Asks: 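Pasting in a structure now, in structure tokens, and then I'll have a few things to ask.
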There are 2 protein chains.
Amino acid sequence: MDGTVDLAPQELRTLVAVADAGGFSAAAVPLGSTQSAVSHAMRGIERKLGVVLFERGRYGARATPAGARAVAHARRVLRMLEVMVTETRGPGTGAVGGPLRIAAFRSAALHLLPPVLERLTAAHPAIEPTVHVVREIGPGTAGEVAQGRADLGIATIGTGSPIPPELVGDVLLEEPYALVHPAGHPAPRSLPLVDWAENCSSYTRAWWAAQDWIPAASVRAEDDGAVLSMVGSGFGMAIMPRLSLTAAPSSVEVTDLGAERPTRTVGYVTTPELAATAAVRALVRELRAGKK
Amino acid sequence: MDGTVDLAPQELRTLVAVADAGGFSAAAVPLGSTQSAVSHAMRGIERKLGVVLFERGRYGARATPAGARAVAHARRVLRMLEVMVTETRGPGTGAVGGPLRIAAFRSAALHLLPPVLERLTAAHPAIEPTVHVVREIGPGTAGEVAQGRADLGIATIGTGSPIPPELVGDVLLEEPYALVHPAGHPAPRSLPLVDWAENCSSYTRAWWAAQDWIPAASVRAEDDGAVLSMVGSGFGMAIMPRLSLTAAPSSVEVTDLGAERPTRTVGYVTTPELAATAAVRALVRELRAGKK
DNA sequence: CTGCCGCTATGAGGGCGGTTCATGGATCCG
DNA sequence: CGGATCCATGAACCGCCCTCATAGCGGCAG
């Protein structure tokens with residue numbers, strides 16, 4: 001039915017833009033083009049591939065399963081082309097540079113990455129890292145990487161969320177959870193437990209099961225920062241990972257949970273093709289250096 | 001100096017063709033194009049990248065260091081585009097297919113791969129594997145993979161030849177060397193030692209150093225198959241890895257070298273971006289299944 | 001030195017593909 | 001039903017890439 005199929009970079013960009021914008025008309029704007037061109041291009045792409053990639057309708061365009069795969073691949077190919085350009089220009093050894101897109105959940109972005117990026121940019125001034133804060137729920141940071149929206153993700157890794165088979169990565173650290181409560185409170189265990197959506201309860205469930213007490217009530221907050229501020233205001237107590245407790249205000253008190261405390265595993269994830277690039281490798285090196 | 005640089009697939013193919021053919025005129029043939037088109041295209045590519053990629057002369061065209069990097073990247077990007085097409089069409093789960101280029105050294109191609117490919121093609125009839133036999137000297141099979149000429153390589157892995165940092169891979173098996181000599185020969189140790197270029201002596205050097213005898217003479221043969229046939233004809237004896245001794249004729253006798261015998265490590269190597277593809281993962285799974 | 005024979009470079013012209021413009025068709029909404 | 005907002009489609013346009021023809025360059029043989 002076909003020999004060698006050529007998908008031009010412009011076509012790949014169209015694919016991505018349509019997926020991002022959710023429609024042909026909307027996609028034309030960031031492409032600096034017109035709705036008609038997008039429509040023609042998409043027709044051509046679908047004809048070349050022999051697959052329907054988007055369902056069109058009154059609402060716009062939604063990716064079919066095949067379309068979603070195509071978009072994820074398109075993002076990666078476009079990124080590879082970018083990498084090809086920067087690595088062809090740069091003399092290979094020595095200075096590495098170019099953009100580096102990092103996806104991280106909130107506490108990692110705030111407390112784990114800064115020193116790492118400090119060292120990275122000191123060693124390679126030409127690298128331009130951007131950090132994208134992503135909720136670690138659903139596909140999470142690994143999803144961002146798999147979809148080609150980020151070059152590297154800082155993710156929580158566990159039996160419930162292993163490194164996806166089409167990605168590569170490694171463990172960076174295993175951090176303990178600790179009890180945090182208002183400083184000087186006479187009976188912290190009587191306070192309601194504050195939790196937040198991102199906190200994967202699977203890490204702490206086993207620990208709770210072994211305890212001989214359960215919290216009086218449970219409250220939900222937006223993110224770990226909000227939890228910490230609520231605890232600091234005396235509204236409750238919480239079980240939080242150490243990263244979220246870095247730079248905790250003096251109005252809270254942190255107490256270790258002992259030998260049986262729950263822990264969570266933090267690692268990095270990257271797309272296999274980017275693991276080979278100089279910039280990603282430099283970042284991974286610095287991440288590991290901070291492992292200690 | 002530039003915004004977003006577009007390198008069309010046709011331009012990438014031109015890049016690769018010139019590198020392979022060693023000149024613009026010669027490259028035009030496989031491209032089904034003309035020398036002029038190649039020249040124009042190359043000028044455009046170099047202008048876009050702002051780098052000279054090939055040194056031209058009356059001999060043809062030789063890649064500069066930047067050119068070599070560009071070509072290696074181009075091969076990979078083209079392969080990714082191919083993968084994108086096949087994986088967009090295929091329903092993801094279930095049938096995987098498409099071409100799968102394997103580079104292997106001789107004994108692996110003859111004795112390690114057949115059963116693996118047997119199982120692979122049985123499980124996935126749509127996969128079309130091709131095996132490329134490569135001398136495991138110099139860059140070897142890993143070089144083929146790094147240059148984008150193969151999707152996966154079977155390589156010997158050791159301290160002298162670790163997995164290159166820009167590639168990924170794993171160890172498959174550690175196989176012992178054994179002494180092989182003409183069947184029924186009264187004094188095999190008096191025969192000359194037959195060796196071949198591909199045999200990395202570093203594996204056996206330590207073992208020889210611990211022996212209290214050295215061979216009377218040393219002869220070189222073309223490859224391990226030739227060595228085996230020479231031994232079978234009574235011309236000498238040899239120290240060979242087990243893979244090379246699979247299906248050895250009855251005219252030779254194999255004797256184990258005991259607990260202190262030398263060994264070599266055999267593994268696979270693949271480009272990071274291909275490690276994510278369904279076809280490569282299926283092959284790796286079968287390779288590991290044969291590990292036992 | 002000169003004619004010849006490999007290369008690549010370059011300029012002019014033509015064809016094809018992608019873009020635009022204008023318009024039509026479908027669907028939802030008030 | 002008119003309006004709004006999508007996508008589809010066809011014709012005209014424009015630019016890019018390719019081809020053809022030719023020039024330039026450097027050896028090599030006589």
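Here the structure is a predicted model, which is why all the values come from computation and not from measurement.
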Asks: Look only at the side chain of A:Arg101 and the backbone of A:Gly148, and say whether a donor-acceptor pair between them is shorter than 3.5 Å.
Replies: yes
Asks: Check whether more than 12 heavy atoms from other residues, nucleotides or ligands sit under 6.0 Å from atom CZ of B:Arg106, and answer yes or no.
Replies: yes
Asks: Are the side chains of A:Leu152 and A:Thr271 in touch, meaning some heavy atoms are under 4.5 Å apart?
Replies: no
Asks: Kindly say whether B:Leu53 contributes a backbone atom to a donor-acceptor pair with the side chain of B:Thr64 at under 3.5 angstrom?
Replies: yes
Asks: Is the backbone of A:Leu117 close enough, under 3.5 Å, to the side chain of A:Thr121 for a donor and an acceptor to pair up by distance?
Replies: yes
Asks: I'd like to compare against my own output: the B/S/- annotation of nucleotides 15-25 of chain C with a strict under-4.0 Å heavy-atom distance to protein.
Replies: ----SBB----
Asks: Please identify each residue that fulfils side chain to side chain donor-acceptor pair (under 3.5 Å) with B:Thr277, with sequence neighbours left out.
Replies: none
Asks: Enumerate the residues from residues 22-30 of chain A whose closest heavy atom to DNA chain D is under 4.0 Å, giving them by residue number; use none for an empty result.
Replies: A:Gly23, A:Phe24, A:Ser25
Asks: Taking C-beta and beyond as the side chain, do B:Val280 and B:Leu100 meet within less than 4.5 Å on heavy atoms?
Replies: yes
Asks: What pairs of donor and acceptor atoms, side-chain ones from residues 12-25 of chain B against any protein atom, are under 3.5 angstrom apart with sequence neighbours left out?
Replies:
from: B:Arg13; atom 1: NH2; to: A:Asp6; atom 2: OD1; distance (Å): 2.2
from: B:Arg13; atom 1: NH2; to: A:Asp6; atom 2: OD2; distance (Å): 3.0
from: B:Thr14; atom 1: OG1; to: B:Gln10; atom 2: O; distance (Å): 2.8
from: B:Asp20; atom 1: OD1; to: B:Arg75; atom 2: NH2; distance (Å): 2.3
from: B:Asp20; atom 1: OD2; to: B:Arg75; atom 2: NH2; distance (Å): 3.3

Asks: Is it true that atom CZ of B:Arg135 has more than 12 heavy atoms of other residues, nucleotides or ligands lying nearer than 6.0 Å?
Replies: yes
Asks: Between A:Arg149 and A:Glu144, does any side-chain N to carboxylate O distance fall below 4.0 Å?
Replies: yes
Asks: Validate the cation-pi geometry between A:Arg56 and A:Phe54: distance from NZ or CZ to the six-membered ring centre under 6.0 Å, angle to the ring axis within 45°.
Replies: no
Asks: Below 4.0 angstrom, which residues in residues 54-65 of chain B have at least one non-hydrogen atom near DNA chain D?
Replies: B:Arg58
Asks: Contact boundaries of DNA chain D with chain B (under 4.0 Å, heavy atoms), 5' to 3'?
Replies: D:dC18 to D:dG27
Asks: Less than 4.0 angstrom from a charged side-chain N to a carboxylate O is my criterion; do B:Arg76 and A:Glu273 meet it?
Replies: no
